[in-house]
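Encoded as structure tokens, the structure appears first; notes follow it.
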Amino acid sequence: MMKAILATSACLLALSAQAQELPEKYKSAGKLVVANTPNYPPMEYRDPATNELIGVDIDLGKALAKHLGSEIEWSEIGFEQMVSSLNTGRVDLVLSGMSDLPARRETMDFVDYMRSGAQFYTSAKRKDEFKALTDFCGKTVGMSRRTSFPDEAAKWSAANCEANGKPALVVVGTEGSADARTQLKQGRLDGAVQGSETLPYLLKLEPDTYAVVGEPFTEVYQGIGFSKQTPELRDATAAALKAVMASGEYKAIFEKYGLAGSTLDAVMINGQAAK
């Protein structure tokens with residue numbers, strides 16, 4: 001019994017210490033304003049039945065806030081507005097399926113929390129046409145223009161299509177992943193690209209509609225975004241994420257949404273293991 005009491009006390013002290021790492025500005029406010037665009041299931045979306053905000057990022061955000069001793073106020077803004085909102089102080093951080101890319105690190109810092117990758121897929125009725133990724137060479141493929149996918153697809157095409165004498169991938173920037181899927185269904189696209197973490201949910205939501213082709217052709221981390229001006233908040237969040245991992249909450253969240261294979265073994269900051 002005494003050992004259990006001591007263990008519990010130690011745990012509470014650890015959580016208290018982490019909560020105190022939150023800078024005074026945010027402790028005084030009693031909340032963290034977090035940018036999120038809830039249109040990227042299973043990372044963030046609204047439950048069709050209840051309109052409740054749910055997803056991996058939502059559950060993870062709540063767990064982090066608990067360990068930081070704060071609350072979250074979700075700020076639903078367009079993905080293209082997130083960086084400017086962060087750097088002008090309209091939001092405190094970004095937690096919305098954002099990839100940690102070197103170009104973004106010029107103006108932001110990231111606490112990385114999962115693996116991701118760009119993935120080709122097509123319609124189920126055309127799956128036999130695309131046995132290999134290079135079968136997309138010369139084909140019209142859609143992907144959200146707001147993401148890094150168009151640039152990544154063009155680089156992949158240069159290395160795997162043009163370099164081997166095949167016609168280039170025809171990259172179509174769409175208004176979002178939902179728009180790409182609509183155009184795919186309409187036959188206006190031969191294929192599409194979106195984050196590998198979203199496809200298991202999509203296949204379950206719309207069975208016999210899509211077919212995944214091959215493995216992801218990129219590997220990136222997704223991260224929680226911070227202004228370069230708030231390193232203390234970044235580090236406090238990294239400490240909270242470490243605690244969430246140690247508690248088992250982190251693994252449980254990803255398993256809940258069928259993404260156990262996307263988890264990290266340790267906290268990372270800007271693509272490097274946190275100290």
Side-chain angles (χ1 to χ4, degrees), residues 37-46 48 55-56 78-80 82 96-104 114-222 257-259 261-262:
T37 304
N39 64 356
Y40 196 55
M43 301 308 296
E44 44 265 320
Y45 60 111
R46 290 197 175 277
V56 173
F79 196 82
E80 66 278 5
M82 288 188 174
S96 190
M98 181 175 281
S99 296
D100 174 3
L101 304 175
R104 287 177 176 156
M114 69 172 285
R115 292 184 180 86
S116 179
Q119 179 89 61
F120 282 109
Y121 66 102
T122 188
S123 60
K125 63 184 179 182
R126 297 187 63 184
K127 64 181 180 180
D128 292 338
E129 298 178 40
F130 301 97
K131 297 297 186 182
L133 296 188
T134 50
D135 291 335
F136 283 105
C137 294
K139 300 298 185 181
T140 301
V141 180
M143 57 210 76
S144 174
R145 62 179 175 81
R146 299 184 179 91
T147 68
S148 59
F149 296 155
D151 286 342
E152 291 167 346
K155 290 176 183 177
W156 176 89
S157 177
N160 295 276
C161 298
E162 294 102 299
N164 294 313
K166 296 178 181 290
L169 190 74
V170 180
V171 176
V172 175
T174 66
E175 289 302 310
S177 55
D179 180 32
R181 294 194 296 273
T182 297
Q183 293 193 47
L184 183 61
K185 291 177 183 177
Q186 294 171 340
R188 296 166 61 189
L189 298 173
D190 300 305
V193 169
Q194 65 183 62
S196 57
E197 68 278 1
T198 68
L199 288 169
Y201 174 86
L202 180 63
L203 295 176
K204 182 178 179 180
L205 184 68
E206 300 184 73
D208 304 318
T209 304
Y210 309 103
V212 174
V213 181
E215 298 295 323
F217 62 91
T218 65
E219 183 174 82
V220 297
Y221 296 120
Q222 284 191 4
Y257 293 97
L259 295 178
S262 298

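Note that the structure is a prediction, hence the values are computed from the model and not measured. If you read the sequence from its start, that first residue is 1, and numbering goes on from there.
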Would you give the length of the straight line joining atom [atom1] of [X] to atom [atom2] of [Y], rounded to the nearest 0.5 angstrom?
X: Y221; Y: S99; atom1: OH; atom2: OG; answer: 12.5 Å
X: W156; Y: L133; atom1: CH2; atom2: CG; answer: 5.5 Å
X: K139; Y: T134; atom1: NZ; atom2: OG1; answer: 12.0 Å
X: D190; Y: D135; atom1: CG; atom2: CG; answer: 11.5 Å
X: L189; Y: T174; atom1: CG; atom2: OG1; answer: 7.5 Å
X: R146; Y: M82; atom1: CZ; atom2: CE; answer: 11.0 Å

Sub-4.5 Å side-chain heavy-atom contact between [X] and [Y]:
X: Y40; Y: T198; answer: yes
X: R104; Y: M98; answer: yes
X: Q119; Y: V212; answer: yes

Inset, instruction - Please assess F130 against F120 for the test side-chain contact (heavy atoms from CB on, under 4.5 Å), listing each intermediate value before the final yes or no. - result: CA-CA 10 Å; F130 301 97; F120 282 109; over 6 Å; no
Inset, instruction - Determine the sole option in L101, V193, T147, V171 for which the side chain to side chain contact (heavy atoms under 4.5 Å, CB included) test with E152 is passed. - result: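 So, applying the side chain to side chain contact (heavy atoms under 4.5 Å, CB included) to E152 and each of L101, V193, T147, V171, only L101 qualifies.
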Legend entry - Passing candidate, side chain to side chain contact (heavy atoms under 4.5 Å, CB included) with S116, options L259, V220, T218: V220
[X] side chain to [Y] side chain, donor-acceptor N/O pair below 3.5 angstrom:
X: R115; Y: Q222; answer: no
X: S157; Y: E162; answer: yes
X: Y257; Y: E197; answer: no

Inset, instruction - Identify the two heavy atoms, one from A192 and one from L184, that lie closest to each other, and give their separation to 0.1 Å. - result: CB-CD2, 4.5 Å
Inset, instruction - Assess whether atom CG of D208 is packed by more than 12 heavy atoms of other residues, nucleotides or ligands within 6.0 Å. - result: no
Inset, instruction - Please report the C-alpha distance between V141 and V172 in whole Å, then the side-chain angles of each, then the deciding distance to 0.1 Å, and finally whether the side-chain contact (heavy atoms from CB on, under 4.5 Å) criterion is met. - result: CA-CA 6 Å; V141 180; V172 175; over 6 Å; no
Legend entry - Electrostatic pair E80:R145 at N-O distance under 4.0 angstrom: no
Inset, instruction - Applying salt bridge (Lys or Arg N to Asp or Glu O under 4.0 Å) between E129 and each of K127, K131, R126, report the one that passes. - result: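 When salt bridge (Lys or Arg N to Asp or Glu O under 4.0 Å) is applied between E129 and each of K127, K131, R126, only R126 qualifies.
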